[in-house]
Amino acid sequence: MTLLLDVRNLHTWYGASQALFGVNLSINEGQVVSLMGRNGMGKSTVVKSIFGMMKTTKGSIKFQNQELLGQPSYKIARCGLGLVPEGRRAFGNLTVSENLHAASTNGPWNEKSIHHLFPRLGERTSQLSSTLSGGEQQMLVIARALMTNPYLLILDEATEGLAPTIRQEIWTAIGELKRQGISILVIDKTLKELIRISDHCVILERGANVWAGNPSDINENISKRYLGV
Ligand SMILES: Nc1ncnc2c1ncn2[C@@H]1O[C@H](COP(=O)(O)OP(=O)(O)OP(=O)(O)O)[C@@H](O)[C@H]1O
Ligand SMILES: [Mg+2]
């Protein structure tokens, strides 16, 4: 197994307020790892730290053996990390097709493979993205991240606030990405789907690791204690 991402002893601050207290997180090539924890426990802060969006950080974030900490976001994205950030982004004055082309790089992902993964986007190629439904916009955000042909896809709450049928379509697509061997870091509120798709789970509490293991080992005790379900 080849180590893809290795976050070691990560400390992060928002101004004077410390949010992460020595987080560890590693992902092997081809693995789907879920980062779990209740609201405000630091999941998105880990993601923002990986992408160089946090000003004050300490520790180490190695991606394919390269140190990312201290590098600007645009350079980090070029290393092969694809981000679907928390909260949807619309790209209003571009069509679906233009959005995809704007993100396109050399590699297996192109409009055709995107349409195969998300048939809804294939039906709306010339539609302005501002007129898409929330779920379709979310699919477009995922599709844009894939068009950069990332080695690691990071999904921060990709199904939040969406109708059940759309959520299901997105989970089906994530399952398909997993079958294709794409490495994924996933954050989500739906425990059932996370357990189904993950190879490994890491739980945070107040900005620190409190549990890690196989999804099948998340029993009622653990989920009540750390996940509040
Ligand atoms: N912009 C900010 N300024 C100051 N503190 C922040 C900011 N964003 C987050 N925090 C704090 O950092 C801590 C971790 O927040 P974070 O957003 O990483 O949590 P999360 O696990 O992603 O939560 P959620 O499940 O609600 O998305 C929280 O205590 C939060 O209040
Ligand atoms: Mg979050």
Side-chain angles (χ1 to χ4, degrees), residues 5-27 32-61 63 68-73 76-77 81-90 134-135 137-139 141-142 144-145 150 152-164 166-167 170-171 174 183-198 200-213 215 218 222-229:
L5 178 77
D6 196 20
V7 176
R8 289 281 140 225
N9 203 20
L10 178 65
H11 293 67
T12 298
W13 288 260
Y14 289 95
S17 152
Q18 188 168 358
L20 301 183
F21 299 82
V23 170
N24 296 307
L25 171 73
S26 48
I27 303 177
V32 175
V33 174
S34 56
L35 186 57
M36 302 172 157
R38 290 192 300 265
N39 289 332
M41 292 306 173
K43 306 177 297 294
S44 296
T45 305
V46 170
V47 171
K48 288 189 267 180
S49 302
I50 293 171
F51 276 85
M53 298 168 181
M54 298 299 298
K55 230 159 131 189
T56 319
T57 49
K58 208 179 77 186
S60 166
I61 301 173
F63 186 68
L68 299 185
L69 213 72
Q71 293 204 45
S73 298
I76 292 169
L81 289 104
L83 174 62
V84 176
E86 197 176 31
R88 273 189 302 282
R89 312 275 138 107
Q137 278 183 22
Q138 186 61 285
M139 289 174 185
V141 177
I142 299 171
R144 274 180 57 108
L152 177 67
L153 181 66
I154 301 186
L155 302 165
D156 191 355
E157 312 273 7
T159 70
E160 196 175 30
L162 302 178
I166 298 276
R167 275 174 185 244
I170 291 179
W171 281 115
I174 297 171
S183 312
I184 305 172
L185 176 64
V186 58
I187 297 168
D188 206 275
K189 294 271 144 64
T190 39
L191 187 60
K192 201 178 102 198
E193 298 294 349
L194 282 181
I195 285 176
R196 192 178 310 175
I197 203 151
S198 302
H200 186 72
C201 302
V202 173
I203 303 180
L204 298 184
E205 191 170 62
R206 283 185 228 106
N209 294 65
V210 284
W211 189 89
I218 297 182
I222 290 168
S223 59
K224 262 201 190 129
R225 183 158 169 198
Y226 298 125
L227 308 172
V229 287

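Values below: every heavy atom of this structure, side chains too, minus hydrogens, waters and symmetry copies. None of the values given here were measured: they were computed from a predicted structure. Just so you know, ligand 1 is whichever comes first in the structure, and atom 1 is the first atom listed for that ligand.
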Is any side-chain heavy atom of L68 closer than 4.5 Å to one of L81?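 Answer yes - side chains close enough.
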So, for S26 and D6, which heavy atoms are closest and what is the spacing to 0.1 Å?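 Closest approach of S26 to D6, heavy atoms only: CB-OD1, 3.5 Å.
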Backbone N/O of C201 and side chain of S34: donor-acceptor pair under 3.5 Å: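 Not a single qualifying donor-acceptor pair exists.
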Given 3.5 Å as the limit, does a donor-acceptor pair link the side chain of D188 with the main chain of E157, or not?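 Here the side-chain-to-backbone pair does not exist.
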Going by salt bridge (charged side-chain N to carboxylate O under 4.0 Å, His left out), name the pairs with one or both residues in residues 36-48, residues two or more places apart or in two chains.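 Every pair satisfying salt bridge (charged side-chain N to carboxylate O under 4.0 Å, His left out) with a residue in residues 36-48: R38-E205.
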To the nearest 0.5 Å, what is the distance between NZ (K58) and CG (L20)?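 So the NZ of K58 and the CG of L20 are separated by 12.0 Å.
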Non-hydrogen atoms closer than 4.0 Å to ligand 1: which protein residues do they belong to? List them by chain and number, please.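 Shell around ligand 1 (4.0 Å, heavy atoms): Y14, A19, R38, N39, G40, M41, G42, K43, S44, T45, E86, E157, K189.
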In chain order, what residues pass the salt bridge (Lys or Arg N to Asp or Glu O under 4.0 Å) check against D156, with sequence neighbours excluded?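 Partners of D156 under the salt bridge (Lys or Arg N to Asp or Glu O under 4.0 Å) test: none.
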For the pair T12 and S49, evaluate side chain to side chain donor-acceptor pair (under 3.5 Å) and give the outcome as yes or no after the intermediate values. CA-CA 7 Å; T12 298; S49 302; 3.0 Å; yes
Can you count the protein N, O or S atoms that lie less than 2.8 Å from the Mg ion (ligand 2)?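 There are 2 of them.
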Out of the candidates L204, I187, V210, L194, only one should pair with M36 under the side-chain contact (heavy atoms from CB on, under 4.5 Å) rule; please name it.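 So, applying the side-chain contact (heavy atoms from CB on, under 4.5 Å) to M36 and each of L204, I187, V210, L194, only L194 qualifies.
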